[in-house]
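What follows is one structure encoded as structure tokens, with my remarks underneath.
When reading the values below, keep in mind they use all heavy atoms of this one structure, side chains included, and skip hydrogens, waters and symmetry mates.
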Amino acid sequence: MRRLQDPFPRPGDPDARPAPPPGGLPAELNPFVGRAGELAELGGLLAEEARLVTVVGVAGVGKTRCVVRVAALREKRYCDGVLLAELSAVRDPDLLEHALIDALGLTDHTGRPPRTVLVEHLRERRTLLVLDGFEHLVDVCADLVTELLRRAPGLQVLAAGRCPLRVDGERTFPLAPMSDGDAVELFTERARGVRPGWEPTEGERGTVLELCRRLDGIPLALELAAGRLRVLSVEQVLLRLDDRFRLLTGGRRGAPPRHQTLRTAIGWSHELCTPEQRLLWARLSVFAGQFDLEAAEYICGGPDLPAESVLDVLDELLAQSVVEREECPAGARYRLLDTVSEYGAQWLAATGDTRRLRRRHRDWFLGLATWCELDWFSPRQAEVAARIDGELPNLRRAMECSMEDPDEVHLAQYLAGTLWFYWVGCGRLSEGRHWLEHVLEEPAPCDAARLKVLWVLGYVAVLQGDAVAAVSALQECREEAERSGNAAALAYAVHRMGCLAIVTDDMPRAEELLREALGRYREAGELNSNVLMAQVELAMAVAFLGDLDAAAAICDEVREVCEDHGERWALAYALYVLAYAALRRGRTARARQMLGECLAIGRTFNDLLGTVLSLELLALVTAVEGDAGEAAVLQGAAEGIWPSVGLPLFGSVYYGRPRAECEEQARRELGNAAYEEGLRAGRRLDPATAVDRALTGSGPAPAGDGPGTGGAPPAGESGGTRRPAASRMTGRGGPERW
């Protein structure tokens with residue numbers, strides 16, 4: 001594989017734009033035309049409180065544009081928002097619920113089933129959920145939608161697909177082709193996109209109308225035909241289309257005429273392409289969702305289509321509306337419409353080149369994941385997270401490709417293990433565990449790739465509170481690493497066993513294992529975010545055991561390394577420990593400053609665990625500074641976030657002490673009624689608003705470091721009988737990141 005170029009935009013790059021909110025409605029790239037009657041009727045169904053409205057129709061009839069338009073027109077009527085879930089790139093039914101979690105913008109660290117997370121999030125909300133492209137997942141989608149509607153009374157669903165879901169209460173809306181007037185208007189508008197200012201002459205109007213009727217008013221066909229005005233006249237377009245119809249009519253006896261028409265329109269557009277354009281079209285079908293130019297050059301290039309010519313051919317396909325361009329934080333990206341991609345895939349299969357292209361696709365994304373894992377330990381962590389988030393459909397397809405061949409399962413294991421930073425650092429534990437367990441199902445040599453999957457699986461299981469699965473995976477990893485002499489894998493296994501000890505409140509054992517792991521890391525020459533997190537975890541264990549000076553010294557060292565390498569993810573947790581130590585020493589202003597930085601970093605990665613822990617500790621800081629009312633609000637905000645993270649404060653005596661101290665002080669100063677009202681006010685805040693409030697500070701600003709410690713007992717006191725702590729994911733065993 002040729003070396004990847006820099007996959008991220010540089011600072012100041014005009015293509016680097018803020019990412020849209022998860023599940024937000026996309027901006028329209030060209031004007032919406034016509035469909036006034038259909039929009040009004042769909043809006044009326046939603047206004048009548050129809051719980052599920054499904055827009056159905058043939059491919060290319062404009063279902064997606066219609067439902068998105070209706071949702072945008074009615075967006076203000078839903079106090080909790082309108083969310084779009086695009087399901088066409090989701091091939092595995094088991095990933096449907098993860099796709100909806102993405103659409104809702106949730107970061108759930110618990111081990112709860114994704115469906116439970118969805119139900120609990122939507123239960124009390126007034127939301128419109130737009131589902132697009134579900135027909136290949138119709139059975140599982142119908143089951144999920146039914147349960148969501150039953151258990152979330154404020155939810156409405158607007159779906160678009162080629163068939164109905166066929167569930168109780170569904171209102172089906174067949175979307176017909178455009179009327180003559182709308183079709184002519186759409187054709188004219190899109191024609192202006194390739195010939196600015198174009199208007200049909202008096203003599204061309206009848207030809208345009210005839211063309212629109214021949215295409216049965218199907219928007220995709222009209223747009224493809226309009227794209228041909230770049231090189232043809234309207235009369236030439238009609239003549240060529242007419243020839244194509246005569247050639248294909250009757251070729252599929254019994255097929256709906258509109259299906260023949262759409263296939264004819266796409267096929268006609270395909271036939272008018274040059275051989276190089278057809279070849280690139282077919283090869284681009286191996287992508288799932290978006291792709292960038294560099295990936296297209298590597299995967300689709302070859303002797304018959306040199307990589308250096310891919311840009312020009314891609315530009316020609318863009319001009320013909322075969323490929324769409326989209327903007328994202330990483331720059332310009334491209335996409336084939338689903339129907340166009342399916343057509344290209346059929347041609348690729350006909351050439352017998354599908355398997356080779358899928359392997360090239362897999363190899364490219366193996367390389368990208370490797371690059372991103374290395375770049376995670378750098379100033380570009382946020383860009384890495386955004387890049388992997390955008391490439392997730394392609395990464396899934398790459399793992400699926402490797403799982404199809406027993407001789408290539410080790411490559412799927414390599415990819416699943418390499419993405420540890422995404423599963424753990426970006427709130428994808430549930431999907432990460434799905435892939436980690438899946439790639440271990442097939443027999444494969446216990447090489448470095450499998451060992452990595454085992455320790456990553458153990459890590460994820462620890463964070464989800466599944467101690468049994470964690471011990472099983474980590475013990476197997478340790479034994480195989482010792483047998484094979486893999487020093488790095490052995491260090492990771494010991495490290496994660498230390499994680500398990502710290503989240504179950506066994507601090508002496510945690511300190512022992514984490515010191516052993518750090519020694520093994522040094523011997524193996526490892527230095528990355530995992531190593532820094534091991535130091536932070538050791539510091540937390542030491543702090544809980546009462547040695548604040550040692551804990552602060554360890555985290556100061558971590559902070560220096562983070563600053564040298566631009567690492568921010570581990571830095572946030574080091575600052576959390578330093579804030580904990582500062583608070584215990586009575587330095588509240590210093591603690592507040594560091595917790596503010598923790599919150600800012602957590603927002604960058606959508607790290608709910610770091611966010612909620614920082615809010616909990618900041619609440620105690622606020623109480624010590626004298627604002628018990630604001631402290632209660634912050635505690636309430638934390639309570640609202642914990643259900644998506646796990647059992648509050650992991651059920652840990654050590655982690656729970658600051659909250660207990662804050663509650664005791666706030667209740668004493670406010671009284672029970674005012675304290676409970678503050679909690680209720682905080683629970684009503686969404687995470688983003690809570691973080692903004694915490695960062696701006698609605699209470700009185702502290703004048704300086706106070707002398708008190710908020711009534712905190714000495715940090716080394718155990719505070720009671722030890723019991724298993726809950727994880728950031730489920731409440732059954734505790735986190736490693738605090």
task: With side-chain contact (heavy atoms from CB on, under 4.5 Å) as the test, would you mind laying out the steps for Phe287 and Tyr334 before giving the verdict?
output: CA-CA 10 Å; Phe287 287 102; Tyr334 310 93; over 6 Å; no

- prompt: What's the verdict on side-chain contact (heavy atoms from CB on, under 4.5 Å) for Tyr422 and Trp376, showing C-alpha distance, side-chain angles and the deciding distance?
  reply: CA-CA 9 Å; Tyr422 184 65; Trp376 180 254; over 6 Å; no

message: Could you walk me through whether Glu342 and Leu336 satisfy the side-chain contact (heavy atoms from CB on, under 4.5 Å) test, starting with their C-alpha distance in whole Å, then the side-chain angles of each, then the deciding distance to 0.1 Å, before giving a yes or no?
response: CA-CA 9 Å; Glu342 290 172 9; Leu336 292 178; over 6 Å; no

message: Does Leu129 form a side-chain contact (heavy atoms from CB on, under 4.5 Å) with Leu104? I'd like the steps, not just the answer.
response: CA-CA 9 Å; Leu129 176 61; Leu104 270 61; 4.3 Å; yes

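Between Leu131 and Leu158, the closest side-chain pair of non-hydrogen atoms is not below 4.5 Å. Using a 4.5 Å heavy-atom threshold, the side chains of Asn606 and Cys426 count as separate. Contact check for Leu368 versus Cys372: side-chain heavy atoms found under the 4.5 Å cut-off. Counting only heavy atoms from C-beta outward, the side chains of Cys141 and Leu144 never approach each other to under 4.5 Å. Under the 4.5 Å side-chain criterion, counting only non-hydrogen atoms from C-beta, Tyr573 is not in contact with Leu532. No side-chain heavy atom of Leu284 sits under 4.5 Å from any side-chain heavy atom of Ser341. No side-chain heavy atom of Val130 sits under 4.5 Å from any side-chain heavy atom of Leu83. Side-chain atoms of Ser430 and His98, non-hydrogen and from C-beta on, do get closer than 4.5 Å to each other.
Between the SG atom of Cys66 and the NZ atom of Lys63 there is a distance of 10.0 Å, given to the nearest 0.5 Å. Between atom CG of residue Asp94 and atom CG of residue Leu137 there is a gap of 10.5 Å, rounded to the nearest 0.5 Å. Interatomic distance, Arg65 CZ to Leu175 CG, rounded to the nearest 0.5 Å: 12.5 Å. We find the CZ-CG distance between Arg91 and Leu95 to be 12.0 Å, quoted to the nearest 0.5 Å. With rounding to the nearest 0.5 Å, the separation of CD in Glu97 from CD1 in Ile101 is 7.5 Å. Between Leu128 atom CG and Leu155 atom CG the span is 8.0 Å, to the nearest 0.5 Å.
For the pair Cys477 and Trp455, the tightest heavy-atom approach, listed with the atom from each and the gap, is SG-CB, 3.9 Å. Nearest heavy atoms, Phe134 versus Cys163: CZ-O, 3.2 Å. Across every non-hydrogen atom of Gly432 and Trp423, the tightest pair is CA-CD2, 3.3 Å. Heavy-atom minimum distance, Ala382 versus Thr604: CB-CG2, 3.7 Å. Closest approach of Leu280 to Cys300, counting heavy atoms only: CD1-CB, 3.6 Å. The heavy-atom pair separating Lys452 from Gly417 by the smallest distance is CE-O, 3.6 Å.
Checked by atom type and distance alone, the side chain of Arg397 pairs as donor or acceptor with a backbone atom of Val286 at under 3.5 Å. At distances below 3.5 Å, at least one donor-acceptor pair connects side-chain atoms of Arg278 with backbone N or O atoms of His270. The closest donor-acceptor contact from the side chain of His136 to the backbone of Leu87 lies under 3.5 Å. When atom types are taken as modelled, the side chain of Glu476 and the backbone of Leu454 share no donor-acceptor pair closer than 3.5 angstrom. Of the possible polar contacts, none joining the Asp375 side chain to the Val384 backbone as a donor-acceptor pair under 3.5 Å is found.
Under the rule for a side-chain contact (heavy atoms from CB on, under 4.5 Å), the partners of Thr354 that lie at least two apart in sequence or sit in another chain are Leu348, Ala349, Arg358. For Arg355, the side-chain hydrogen bond (donor to acceptor under 3.5 Å, both in side chains) partners two or more places apart in sequence, or in a different chain, are Glu404, Glu408. Partners of Arg283 under the side-chain hydrogen bond (donor to acceptor under 3.5 Å, both in side chains) rule, at least two apart in sequence or in another chain, are Asp304. For Asp353, the side-chain hydrogen bond (donor to acceptor under 3.5 Å, both in side chains) criterion is met by Arg356, not counting sequence neighbours. A search for salt bridge (Lys or Arg N to Asp or Glu O under 4.0 Å) contacts involving Glu326 returns Arg335, not counting sequence neighbours. Residues meeting the side-chain hydrogen bond (donor to acceptor under 3.5 Å, both in side chains) test with Asp132, sequence neighbours left out: Thr64.
The pair Glu400-Arg362 does not meet the salt-bridge criterion, since no charged nitrogen lies less than 4.0 angstrom from a carboxylate oxygen. Salt-bridge formation is detected for the pair Arg333/Glu391: a Lys NZ or Arg NE/NH1/NH2 atom is positioned less than 4.0 Å from an Asp or Glu carboxylate oxygen. A salt bridge links Arg387 and Asp292; the closest N-O separation between the charged side-chain nitrogens and carboxylate oxygens is under 4.0 Å. Between Asp607 and Arg568, no side-chain nitrogen of the basic residue sits less than 4.0 Å from a carboxylate oxygen of the acidic one, so the salt-bridge criterion is not met. Between Glu147 and Arg115 a salt bridge is recorded (basic side-chain N to carboxylate O distance below 4.0 Å). One finds a salt bridge joining Arg428 and Glu431 here, because a Lys/Arg side-chain nitrogen approaches an Asp/Glu carboxylate oxygen to under 4.0 Å.
Both tests pass for Arg496 against the ring of Tyr459: distance under 6.0 Å to the centre and angle within 45° of the axis. The cationic group of Arg360 lies under 6.0 Å from the six-membered ring centre of Tyr298 and within 45° of the ring axis, placing it in a cation-pi geometry.
His410 and Gln413 form no side-chain donor-acceptor contact under 3.5 Å, judged by distance and modelled atom types alone. Gln277 and Trp281 are not linked by any side-chain donor-acceptor pair at a separation below 3.5 angstrom, with hydrogens and angles left out of the test. Between Glu373 and Trp420, the side chains place a donor N or O and an acceptor N or O closer than 3.5 Å (distance only, hydrogens not considered). Counted by atom type alone, Tyr343 and Ser285 present zero donor-acceptor pairs between their side chains at under 3.5 Å.
Considering Val409, Leu419, Thr370, Val453 in turn, Thr370 is the only one that fulfils the side-chain contact (heavy atoms from CB on, under 4.5 Å) rule with Tyr414.
In this structure, His361 has its ring center closer than 6.0 angstrom to the ring center of Phe365.
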